[in-house]
Amino acid sequence: MGFSKPDTAEQHRLDEIIRSVNRLRPLPGSPLRILKELDNQSTSASQVADLILLDQALTAYLLKVANSAYLGFSRQCSSVQEAVVRLGFKQVRSLVYSTMASGPLGARLAGYRLGDKGLWFHSVAVASSSHWLAKALNYPDPEKAYVAGLLHDIGKLVLDQFVMADYNQIIEMMYTQKQPMWRVEEQLFGIDHAGVGALAGEHWQFPAELIEAIRYHHNPCMDQPHPQLAAIVNLANALAPSESNEDLFLAGKIIQPITYEILKLNPESTPKLAERLQASLFNYQDRFETP
Ligand SMILES: [Fe+2]
Ligand SMILES: [Fe+2]
């Protein structure tokens, strides 16, 4: 995975893709400040709340999630500070990423044949599935898995225009070679959407573990520094609900054998796990609404 040896035309296109990544707008300032504050060991809930209050959309979203019936609190919380305490810093972090990502992920992607909010729904489905699977598999930080799931396909935002330009060739290669789309992207562009997503993550200075999970979400490997996170997203991408008429193999929604190994999971237990996951996803319904 990653870069293959390109010829001149391919190299030219790869350069163009990298230029598109470098042209991505910086992340908005106020969510970034909140993320930074959440990393600060000595931060208090009231300091975080003060920053959140500067952002209307985030304030509303946070209160909505904090008051969702699923959390089981009998009393509604009305202050942001109370909501921050109720949710905890890790979940607040997930919600900050969601507010930042909902606009871009909500866009129509003509190349990938994704309608309005198509990528957003897929991303939240994979994020919620990653979170649930992380808890079920005793991964220590389910919220980290949520964010990795949310952002795993972020590279599609950049690659969409290139996929659009070569769409017929991509489809033909997928069917004649029986290869998933990401493999064809790699062949044709020298990089797939996972690699482009990782470059975007570097551009935005995401945490290294998050970049790694984005890079390997279709292809986790044992000797990467944090194989579990990518493996959870690989599993979630395959098990999250999706449009019934798509070919899961060609869409890249398959569980890699190495994923079972990394997660110490018995392949035979997967159908049962998938069933429990499907039954739990209604708990995440608030997350699907755009912040
Ligand atoms: Fe993907
Ligand atoms: Fe995906």
Side-chain angles (χ1 to χ4, degrees), residues 1-3 17 21 97-98 101-102 104-115 117-134 145-164 167 170-171 173-174 179-202 206 210-221 224 227 229-256 258-259 274 277-278 281 284 287-288:
M1 125 113 249
F3 298 98
I17 291 168
V21 171
Y97 272 108
S98 295
S102 68
L105 291 178
R108 261 185 78 229
L109 297 186
Y112 285 100
R113 303 302 194 256
L114 287 162
K117 297 204 176 155
L119 184 58
W120 168 254
F121 283 115
H122 171 64
S123 302
V124 179
V126 173
S128 304
S129 303
S130 298
H131 185 269
W132 187 87
L133 288 165
Y146 187 92
V147 174
L150 184 75
L151 302 177
H152 76 287
D153 273 340
I154 197 106
K156 287 187 175 178
L157 297 178
V158 173
L159 218 49
D160 186 59
Q161 50 172 314
F162 298 92
V163 168
M164 181 73 189
Y167 188 76
I170 290 174
I171 296 297
M173 285 167 79
M174 281 164 64
Q179 291 276 15
M181 193 166 190
W182 65 273
R183 285 277 191 211
V184 173
E185 290 169 359
E186 208 177 51
Q187 262 187 67
L188 208 58
F189 306 136
I191 192 167
D192 68 347
H193 68 269
V196 175
L199 290 180
E202 283 166 10
F206 284 165
L210 176 56
I211 295 173
E212 191 190 319
I214 294 171
R215 190 188 307 279
Y216 294 108
H217 77 265
H218 284 293
N219 203 11
C221 54
Q224 63 179 102
L229 198 56
I232 286 172
V233 177
N234 181 249
L235 185 62
N237 192 44
L239 299 185
S242 65
E243 290 167 42
S244 50
N245 56 355
E246 71 180 344
D247 181 312
L248 297 181
F249 175 76
L250 293 179
K253 292 175 181 172
I254 45 159
I255 305 167
Q256 297 287 0
I258 189 84
T259 292
L277 167 67
Q278 302 287 340
L281 280 178
Y284 295 88
R287 304 287 192 106
F288 283 86

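Counting convention: from 1, in listed order, for ligands and their atoms alike.
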#### Entry: Residues F162, E185; criterion side-chain contact (heavy atoms from CB on, under 4.5 Å); working and verdict
CA-CA 9 Å; F162 298 92; E185 290 169 359; over 6 Å; no
### Query
Can you name the closest pair of heavy atoms from V124 and Y146 and give their distance?
CG1-OH, 3.8 Å
### Task
Anything protein N/O/S under 2.8 Å from the Fe ion (ligand 2)? Just list residue and atom, please.
H122 NE2, H152 NE2, D153 OD2, N237 OD1
### Query
Given side chains that start at C-beta, do those of H218 and P180 come closer than 4.5 Å, heavy atoms only?
no
### Query
Looking only at atom types and distance, does a side-chain atom of Q278 sit under 3.5 Å from a main-chain N or O of L239, one as donor and one as acceptor?
yes
#### Entry: Intermediate values then yes/no, side-chain hydrogen bond (donor to acceptor under 3.5 Å, both in side chains), H217 and N237
CA-CA 8 Å; H217 77 265; N237 192 44; 5.0 Å; no
### Summary
The angle formed at the Fe ion (ligand 1) by NE2 of H193 and NE2 of H218 is about (to 10 degrees) 90°
### Query
How many angstroms lie between atom CG of L109 and atom CG of L119, to the nearest 0.5 angstrom?
5.5 Å
